[in-house]
2 protein chains.
Amino acid sequence: MATIRVPEMPPSPFEDALDLKNAFEGWGTDEKTVIGILSHRDEGQRKKIMSAYEELYNENLINRLEKELSGDLQEAIYFWMFDPIERSVIMANIAARKSIDYQVIVEIACVNSPDELLAIKKVYHARYKQSLEEDVASHTTGDFRKLLVALVSTYRYDGVEINETLAELEAKTLHNSIVALESISPYDRKEINGSIDQITAEILRESIEQKSFHHDEIVRILSTRSRAQLNATFNHYKDEYGTSISKDLSTSLSNEYVSALRIAIRCIISPQKYYEKVLRHAMKKAGTDEDALTRVIVTRAEKDLEDIKELYQKRTNVTLESAVHKEISGNYKKFLLALVEE
Amino acid sequence: MATIRVPEMPPSPFEDALDLKNAFEGWGTDEKTVIGILSHRDEGQRKKIMSAYEELYNENLINRLEKELSGDLQEAIYFWMFDPIERSVIMANIAARKSIDYQVIVEIACVNSPDELLAIKKVYHARYKQSLEEDVASHTTGDFRKLLVALVSTYRYDGVEINETLAELEAKTLHNSIVALESISPYDRKEINGSIDQITAEILRESIEQKSFHHDEIVRILSTRSRAQLNATFNHYKDEYGTSISKDLSTSLSNEYVSALRIAIRCIISPQKYYEKVLRHAMKKAGTDEDALTRVIVTRAEKDLEDIKELYQKRTNVTLESAVHKEISGNYKKFLLALVEE
């Protein structure tokens with residue numbers, strides 16, 4: 001369930017455009033008015049306000065907002081103005097830069113439905129004249145690349161049918177692969193560089209090939225199976241091996257690849273639980289992770305932020321509102337709270 | 001340009017359906033009548049005949065055709081009855097079985113436009129309740145899997161813009177990778193299995209990792225860049241290194257993976273030239289490759305078979321008609337010739 005409140009009788013888009021224009025004029029920007037209007041308009045209304053503003057003042061509202069605002073508030077309102085598909089496209093493009101922000105890429109690939117992801121990739125083509133696949137692939141390497149590119153490329157089946165036998169089989173494959181990756185062969189450590197009488201090249205090669213085989217199996221299953229099938233597989237995993245797959249992964253090597261795997265699994269199991277955790281971490285650190293806080297609130301406010309709030313309160317015994325209230329300040333806080341409060 | 005001839009004033013779909021029904025009744029099937037009708041009806045007309053037949057006789061025409069016909073003629077007419085997307089879906093599903101027919105998978109992934117491939121993947125979901133990606137991935141392993149899954153997964157950018165600097169850079173990357181793969185390190189041969197005093201584990205591991213890095217780069221470029229960009233890259237490759245990339249690959253290790261790479265490159269450069277070669281090979285072998293012959297003629301007859309015929313004649317000094325005439329026989333020949341002859 002969404003959290004944003006829209007007035008029962010909202011002003012016309014032209015009135016809103018006029019009020020925004022007035023808020024921009026004169027000494028300094030009247031940020032409170034800007035927040036008061038935009039935080040209480042839904043996706044369709046914001047689109048209409050943008051058209052009305054363009055028509056009246058021959059100026060792009062988003063560009064003007066970028067000029068008038070700054071800092072975290074600017075970023076939050078900037079992302080808020082777009083519809084969910086365009087917003088994901090812009091976030092994906094920013095994330096697919098040289099120092100890749102893999103968390104955002106994995107979220108976009110695994111939280112959206114197959115058809116939403118496809119729509120994002122189409123708009124990405126139109127906007128950037130290249131594909132999301134090539135942007136992600138050209139800034140990553142190794143197993144990390146294989147995983148990220150596979151997740152953004154795939155067009156999963158979206159049906160609810162489940163093959164229980166396959167789920168059982170692939171739970172086993174995943175478990176074997178995770179166990180194998182944890183028990184690194186002694187021949188595979190960086191520190192070995194002396195002469196190795198006892199070891200044949202063949203044994204060493206097999207150990208490396210086995211490792212690559214296990215990575216490949218994990219990536220294949222996670223990136224090609226449907227969400228319903230994967231959830232059945234993860235359930236079998238827990239029933240059979242006693243711990244959840246994401247816990248098992250936590251105890252294994254901690255690197256970007258494993259971390260991306262865990263994010264993918266969490267997003268596939270439950271986007272709401274995943275986002276609850278992101279919010280918790282964003283406000284737990286010394287210093288707030290404003291990017292994460294903004295991203296979750298802005299992208300989920302019109303979707304399922306109400307459910308995420310419930311999970312947050314159950315987990316922390318604090319409401320999300322009061323956590324946000326304590327954590328940040330100023331008009332940035334005013335804006336996020338306007339989206340969070342039902 | 002297409003090759004099939006359609007009568008200026010074709011009979012109504014109901015007349016055709018009636019004539020087909022009559023051809024099925026009585027002693028044996030009147031195959032000539034079946035061929036005479038179906039080979040001279042375009043995609044839209046065949047669809048209407050199927051509806052009319054279903055309406056009149058409460059029977060699926062394709063099922064009836066499968067019962068009435070047999071052998072190569074049956075297969076050719078079966079595939080002919082579908083529209084191009086459905087036909088590709090069925091061919092892809094047959095090809096994605098255990099002993100994977102990678103040539104067909106690569107053709108479907110690389111000859112079709114990004115949006116055609118997408119339509120194929122959507123219909124695949126609807127028809128088989130799973131994705132093409134998972135079917136291909138679960139029947140392949142290693143580098144071969146990486147390549148095939150990447151080719152079927154990707155949603156390439158379809159624009160004509162070219163980045164020349166990138167083309168130059170990636171031509172170099174491809175060349176370096178191919179050269180590196182050809183010069184197999186002595187430490188990487190299967191036959192080494194004794195003690196290896198002189199070799200450190202580190203050197204061996206690096207050699208294997210390097211190899212995997214080069215494979216990954218080839219797959220990344222081929223599977224993510226747009227067709228226009230790849231053609232610019234292949235042109236740079238030839239200008240800079242004197243031979244075409246597919247020739248360079250021919251001299252390297254010959255295995256399924258390299259063969260799939262070459263097919264992908266040829267399909268991206270020119271589907272027509274590629275199909276001309278497939279036809280030539282299908283009729284060059286001791287014994288005909290009927291599957292390939294049928295596939296090319298049936299799938300291209302309504303698209304570009306005229307262009308493929310011209311290329312064939314230039315290359316062999318024989319018309320495709322006379323080659324087909326010599327190569328095969330019976331009503332299968334009659335049907336294919338009806339599609340080939342303008």
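Quantities reported herein were computed from a predicted structural model and do not represent experimental measurements. Throughout, a chain's letter reflects where its sequence line sits, starting with A, and its residues are numbered from 1.
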Problem - A:Ser223 versus chain B, the contacting section by heavy-atom distance below 4.5 Å - result: neither
Exercise for the section: Evaluate side chain to side chain contact (heavy atoms under 4.5 Å, CB included) for B:Gln130 paired with A:Ser226, printing each intermediate quantity in order. Expected result: CA-CA 8 Å; B:Gln130 49 200 14; A:Ser226 71; over 6 Å; no
Handout entry: side chain to side chain contact (heavy atoms under 4.5 Å, CB included) assessment of B:Leu118 paired with A:Lys122
Key = CA-CA 11 Å; B:Leu118 198 61; A:Lys122 286 191 177 196; 3.7 Å; yes
Handout entry: Lys/Arg N to Asp/Glu carboxylate O, A:Glu217 vs B:Arg145, below 4.0 Å
Key = yes
Exercise for the section: Under 4.5 Å, counting heavy-atom pairs only, tell me which of B:Gln229, B:Glu161, B:Arg225 racks up the most with chain A. Expected result: B:Arg225
Problem - Backbone N/O of B:Tyr155 and side chain of A:His125: donor-acceptor pair under 3.5 Å - result: yes
Problem - Leading residue by heavy atom contact count with chain A [cutoff under 4.5 Å; candidates B:Thr154, B:Ile221, B:Asp158, B:Thr141] - result: B:Thr154
Practice task
Please determine, among B:Arg220, B:Lys121, B:Glu170, the option with the most heavy-atom pairs under 4.5 Å with chain A.
Solution key: B:Arg220
Practice task
Answer yes or no: are there more than 12 heavy-atom neighbours, outside A:Lys303 itself, under 6.0 Å from its atom NZ?
Solution key: yes
Handout entry: Per-residue contact mode, B:Asp135 against chain A (heavy atom under 4.5 angstrom)
Key = neither
Completion exercise
Per-residue tally against chain B (heavy atom, under 4.5 Å) across A:Pro114, A:Ser138, A:Ala150 peaks at A:Ser138
Practice task
Please round to the nearest 0.5 Å and tell me the distance separating atom NZ of B:Lys146 and atom CG of A:Asp216.
Solution key: 4.5 Å
Handout entry: A:Asn163, part contacting chain B, at a heavy-atom distance under 4.5 Å
Key = neither
